[in-house]
Amino acid sequence: MNRLNLITLGVKDMVESLRFYREGLGFEVIVYGEETNPDVIFFNNGGTKISLFPIDRLAKDINEANPPAIGNGFNGMTLAYNGKSKEEVDQVFDLAKEAGATIVKEPETVFWGGYSGYFQDPNGYYWEVAYGDMWQFDDNDMLIINNN
């Protein structure tokens with residue numbers, strides 16, 4: 001098992017999440033169901049895909065009889081956008097701010113030598129936007145991970 005195909009985010013408000021990601025951040029999305037009441041939303045991005053699904057339905061999909069508790073706290077997961085320059089990181093942050101993201105940490109030089117910041121989407125998911133001058137990208141703009 002050497003592949004991650006889909007990350008599903010359980011969201012409280014599908015319509016607001018659709019607005020935030022499509023209109024605010026510019027993701028290309030595919031909406032199943034009505035725009036005013038989507039059943040599921042898929043991001044048509046390169047590499048690993050992201051989907052949005054109502055959080056209460058996601059919990060019941062995991063276990064209908066005993067769904068996991070839904071909380072508002074940090075769940076130990078972050079999503080990341082890896083930029084190719086500090087300027088790109090700043091541009092993504094500008095988009096996030098305009099879309100209504102909560103800025104948690106403005107981009108700054110960080111301990112590992114890169115440039116990074118965090119924002120939260122309307123459902124509280126943390127996104128890191130980062131740049132490292134040591135990074136390389138493949139033909140699909142996906143980060144190449146090696147042990148050099």
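The first residue in the sequence is number 1, and the count goes up from there.
The aromatic rings of Trp127 and Tyr21 are tilted relative to each other, their planes meeting at an angle between 30° and 60°.
Between the CG atom in Leu9 and the CE atom in Met77 there is a gap of 5.0 Å [rounded to 0.5 Å]. For the atom pair OG1 of Thr48 and CG of Leu79, the computed distance is 11.0 Å after rounding to the nearest 0.5 Å. Interatomic distance, Asp141 CG to Asn82 CG, rounded to the nearest 0.5 Å: 11.0 Å. Rounding to the nearest 0.5 Å gives a distance of 5.5 Å between CG of Asp138 and CD1 of Ile144. Remark: Asp90 CG to Leu95 CG distance equals 11.5 Å, nearest 0.5 Å. One finds the CG atom of Asp121 at 9.5 Å from the CD atom of Glu16 (value rounded to the nearest 0.5 Å).
When the side chains of ILVMFWY residues are joined at heavy-atom separations under 4.5 Å, either directly or via intervening members, Val29 and Val92 end up in a single hydrophobic cluster. Residues Val11 and Leu6 do not share a hydrophobic cluster, defined by chaining ILVMFWY side chains whose heavy atoms lie under 4.5 Å apart.
At a threshold of 4.5 Å between non-hydrogen side-chain atoms, the residues Val129 and Phe93 count as touching. Looking at heavy atoms from C-beta onward, Phe119 lies out of side-chain contact with Tyr126 at the 4.5 angstrom threshold. When side chains are defined from C-beta on, Leu143 counts as touching Trp135, because their heavy atoms get closer than 4.5 Å. Using a 4.5 Å heavy-atom threshold, the side chains of Pro38 and Val15 count as touching. Counting heavy atoms from C-beta outward, Lys97 and Glu106 have side chains that approach closer than 4.5 Å.
Pairing each heavy atom of Ala99 with each of Phe20, the nearest pair is O-CD1, 3.4 Å. The minimum heavy-atom distance linking Leu52 with Val40 is given by the pair O-CG2, 3.4 Å. In terms of heavy atoms, Trp112 sits closest to Gly132 at CZ3-CA, 4.0 Å. A pairwise comparison of heavy atoms in Val89 and Ala130 identifies CG2-C, 3.6 Å as the closest pair. Shown here for Lys105 and Ser116, the closest heavy-atom pair between the two residues is CE-O, 3.7 Å. When all heavy atoms are compared, the tightest approach of Asp13 to Asn123 is N-OD1, 3.9 Å.
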Dump the intermediate steps for side chain to side chain donor-acceptor pair (under 3.5 Å) on Glu87 and Tyr131, then the final yes or no.
CA-CA 9 Å; Glu87 294 77 22; Tyr131 162 74; over 6 Å; no
Step-by-step side-chain contact (heavy atoms from CB on, under 4.5 Å) determination, Ser17 to Met14
CA-CA 5 Å; Ser17 296; Met14 293 287 284; 5.7 Å; no
Verdict with reasoning, Lys49 to Ile7, per side-chain contact (heavy atoms from CB on, under 4.5 Å):
CA-CA 6 Å; Lys49 303 298 185 206; Ile7 297 169; over 6 Å; no
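Between Glu35 and Arg22 there is a salt bridge, since a side-chain N of the basic residue sits under 4.0 Å from a carboxylate O of the acidic one. A salt bridge does not link Lys86 to Glu108: none of the charged side-chain nitrogens sits closer than 4.0 Å to a carboxylate oxygen.
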Side-chain donor-acceptor pairs of residues 53-66 under 3.5 Å, sequence neighbours excluded:
residue, atom, partner, partner atom, Å
Asn63, OD1, Ala65, N, 3.1
Asn63, OD1, Asn66, N, 2.9

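Between Asp133 and Tyr115, the side chains place no donor N or O within less than 3.5 Å of an acceptor N or O (distance only, hydrogens not considered).
More than 12 non-hydrogen atoms from other residues, nucleotides or ligands lie less than 6.0 angstrom from CD of Glu23.
Geometrically, Lys84 engages Phe137 in a cation-pi contact, judged by NZ or CZ lying under 6.0 Å from the ring centre and within 45° of the ring axis.
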